[in-house]
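Heavy-atom basis, side chains included; hydrogens, waters and symmetry copies ignored. Chain A is the first sequence line, chain B the second, and so forth, proteins listed ahead of strands; every chain is numbered from 1.
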There are 2 protein chains.
Amino acid sequence: MKRSRPAKPVSVKDVAANSGVSFQTTSKVLNGKGSVSEQTRKRILSAATDLGYVPNILARSLVTRSTQAIGLVASNFSDPNLSRFIVGAEQEARRQGHAVIIASIEPDGTGGHRAVRALIERRVDGIVLADSPAEEDARYARLMKHQIPIVSLHDVPGGGLLTVGSDHVQTGLLATRHLTDLGHHRIGTITGPHRGRVAQSRLRGYRQALGEAGLADDLTLVEESDCQISGGFEATRRLLSRRPDLTAIFAQNDTMAIGVLSALDTLGKDVPEACAVVGCDDIEMAAYTRPPLTTVRVPFYETGEEAIRLLLRMIASGSSGVRGTLLPVQLIARASSGAGLSLFRPSK
Amino acid sequence: MKRSRPAKPVSVKDVAANSGVSFQTTSKVLNGKGSVSEQTRKRILSAATDLGYVPNILARSLVTRSTQAIGLVASNFSDPNLSRFIVGAEQEARRQGHAVIIASIEPDGTGGHRAVRALIERRVDGIVLADSPAEEDARYARLMKHQIPIVSLHDVPGGGLLTVGSDHVQTGLLATRHLTDLGHHRIGTITGPHRGRVAQSRLRGYRQALGEAGLADDLTLVEESDCQISGGFEATRRLLSRRPDLTAIFAQNDTMAIGVLSALDTLGKDVPEACAVVGCDDIEMAAYTRPPLTTVRVPFYETGEEAIRLLLRMIASGSSGVRGTLLPVQLIARASSGAGLSLFRPSK
DNA sequence: CTAGAACGAGCGAACGTTCGTCCACTACAC
DNA sequence: GTGTAGTGGACGAACGTTCGCTCGTTCTAG
């Protein structure tokens, strides 16, 4: 009745006062615990809806020592791959009744340390790390002593963190083998930054496929780039000025592959006739480039879901006995490799 | 000294015990308030770092009634435009010391109501709504009585919410006027879902430009779609089968424009010679399509920043006296309209 | 009839903070 | 010597919950 001006949100005590019971009993009813008579139950429940009661999760968390919230540190929310990962993670978290607090790092790759600390201050139950620069940041290790469950998309030095993801060696292998199977002998590749573990693994798969086909593994075939469209564009021009004889390019991610297609267009090279192109990741765009892009599907959405499942399992079990997962990848043949319209089937 | 097993996080009381003062004094030192002698100050500070003290923001929020967190409801985190908006919002929020809790809605567009409630349960200081289906959801109005500051990217019925964004009429106007300036007379358009306010405004701009140029405003020129690449693809085929005489298409967002380019390619129509294409939004991809896409730049990143600034201003001022903002848009001429390589300058 | 179970509800304590008030002391001018 | 500032720090209370214990009543079985 005598509310003060700033409309202080109604608490369980207000509900209790309105239904003539103790606030503890009210709490029990609202959580469906304890035994309460049907009559007072209804009285409390209707008082709660009348007053528009909304529980305060902060207060609850304080006593239960669980926030039902997980933190998500990501290097770049607008990267299409990471986006899919985040969507998968968020949806799985929601299904399991958890909120997601996001924390981004600086564009220059720093600040992951700060982000993790901010999340710990908010007492998240666990953290998902999708922060590639973290691979080089030793300060993460210091945070680990806080004993908070963490699942990471990348390896972190000294962390011993649980990782999720897909088999990147296999990814590079499938993409490159697809090209050797089609009879290509001079296959260049454009990688992400070499310091990244993912780039290293994909490169290893590329080399393995070359080896299987009895092809020489030549350093002039490899060009490093930055995972941006523009980076793929420029790397293609560098690569082709060094090796104009290439008949195929394996771009180690679809975003760069778009730059590759664009560069080949400006150079007057038809795809796939003059130069075949294979990408990686299978972003939505890949099916709509000109020509449509052959690529290896990496299940980022599912990886996000899996990250949350693992994390929640760690939380439930006290971080013990949970093993990381490696999700399978799959070749998607389209026109950019000259195989999309044929009866070509990837050799598993 | 006598810690129990599960490594309960160290609290301000632990720090106090380790430095021989009351925990309230410790709290003051840690927050730089009150007057404390330099000697005990140092003692407390070093005890805090020794013990690895991390403040519990939950407890703080409980008493200060402010979580320094804002909620972000988005319909689709992997949409490139929304991604940019979210990045802008997150970065601005972080700069101002606020965390961001994300909440997505169901793929079918429902659940915005549930998301907002979940955020209120977590007592966020304010909410940013980037949820287009909300425009039709009357239940949002019910939540408004909770008096939480909200800034929305879209109009919400009965909400009277503060909105941010850009001038969508102007967007449609600039894009279409660009085409009429180039001499096109038969200009089709592919819109987003008609129930959306954004689509309506852009369509109005389109019609206004046609009017300015003395062109008839024909219903057969308008095709509704779904903002997906595939939707743009199919809409183009429908549109051209009805009106094969079109010389230009204005796609009301870049994602659909990619589908338009792809469809024109399959139909054997050269862009821009046989059919010019103009998009909207200026996603990163737009500069790398074949041919590069003429579009209208919509400042989503800046809109995200502005949303947070407005929200924080509302929170600080008790929601009074804050006005929404409209950010300017800008034509980006590229090759898909046949103007990119010329000396063409957009009027205005 | 009575012992004990089962039920319904109350109550104190705790979670980790912040905030305002109060107290004890030192120091200084009168 | 007393009065008055000022300083350093203690302390109680509150924020909104959950949890476990206690206690009185009613029901049921012996």
Just jot down the side chain to side chain contact (heavy atoms under 4.5 Å, CB included) partners of B/Ala59, sequence neighbours excluded, or say none. A/Leu62, B/Asn56
Residue list, side chain to side chain contact (heavy atoms under 4.5 Å, CB included) with A/Ser22, at least two apart or on another chain: A/Gln24, A/Thr25
By salt bridge (Lys or Arg N to Asp or Glu O under 4.0 Å), which residues pair with B/Arg313, not counting sequence neighbours? none
Show every salt bridge (Lys or Arg N to Asp or Glu O under 4.0 Å) that has at least one partner inside [range], sequence neighbours left out.
{"range": "residues 118-128 of chain A", "answer": "A/Arg117-A/Glu121"}
{"range": "residues 39-49 of chain A", "answer": "A/Glu38-A/Arg41"}
{"range": "residues 65-74 of chain B", "answer": "none"}

Do nucleotides 8-17 of chain D as a string where each nucleotide becomes B, S or -: B if the base has a protein heavy atom under 4.0 Å, S if just the sugar-phosphate does, - if no protein is that close. BSBBB--BBB
Extract all donor-acceptor atom pairs below 3.5 Å that involve side chains of residues 77-87 of chain B and protein atoms in other chains or at least two apart in sequence.
{"unit_1": "B/Ser78", "atom_1": "OG", "unit_2": "B/Asn76", "atom_2": "OD1", "d": "3.0"}
{"unit_1": "B/Asp79", "atom_1": "OD2", "unit_2": "B/Asn81", "atom_2": "N", "d": "2.9"}
{"unit_1": "B/Asp79", "atom_1": "OD2", "unit_2": "B/Leu82", "atom_2": "N", "d": "2.9"}
{"unit_1": "B/Asn81", "atom_1": "ND2", "unit_2": "B/Asp281", "atom_2": "OD2", "d": "2.7"}
{"unit_1": "B/Ser83", "atom_1": "OG", "unit_2": "B/Phe77", "atom_2": "O", "d": "3.0"}
{"unit_1": "B/Ser83", "atom_1": "OG", "unit_2": "B/Asp79", "atom_2": "O", "d": "3.1"}
{"unit_1": "B/Arg84", "atom_1": "NH2", "unit_2": "B/Asp281", "atom_2": "O", "d": "3.0"}
{"unit_1": "B/Arg84", "atom_1": "NH2", "unit_2": "B/Asp282", "atom_2": "O", "d": "3.2"}

Kindly calculate the angle separating the two end axes of the helix from C/dC1-D/dG30 to C/dC30-D/dG1, each obtained from five base pairs, and round it to 10 degrees. 50°
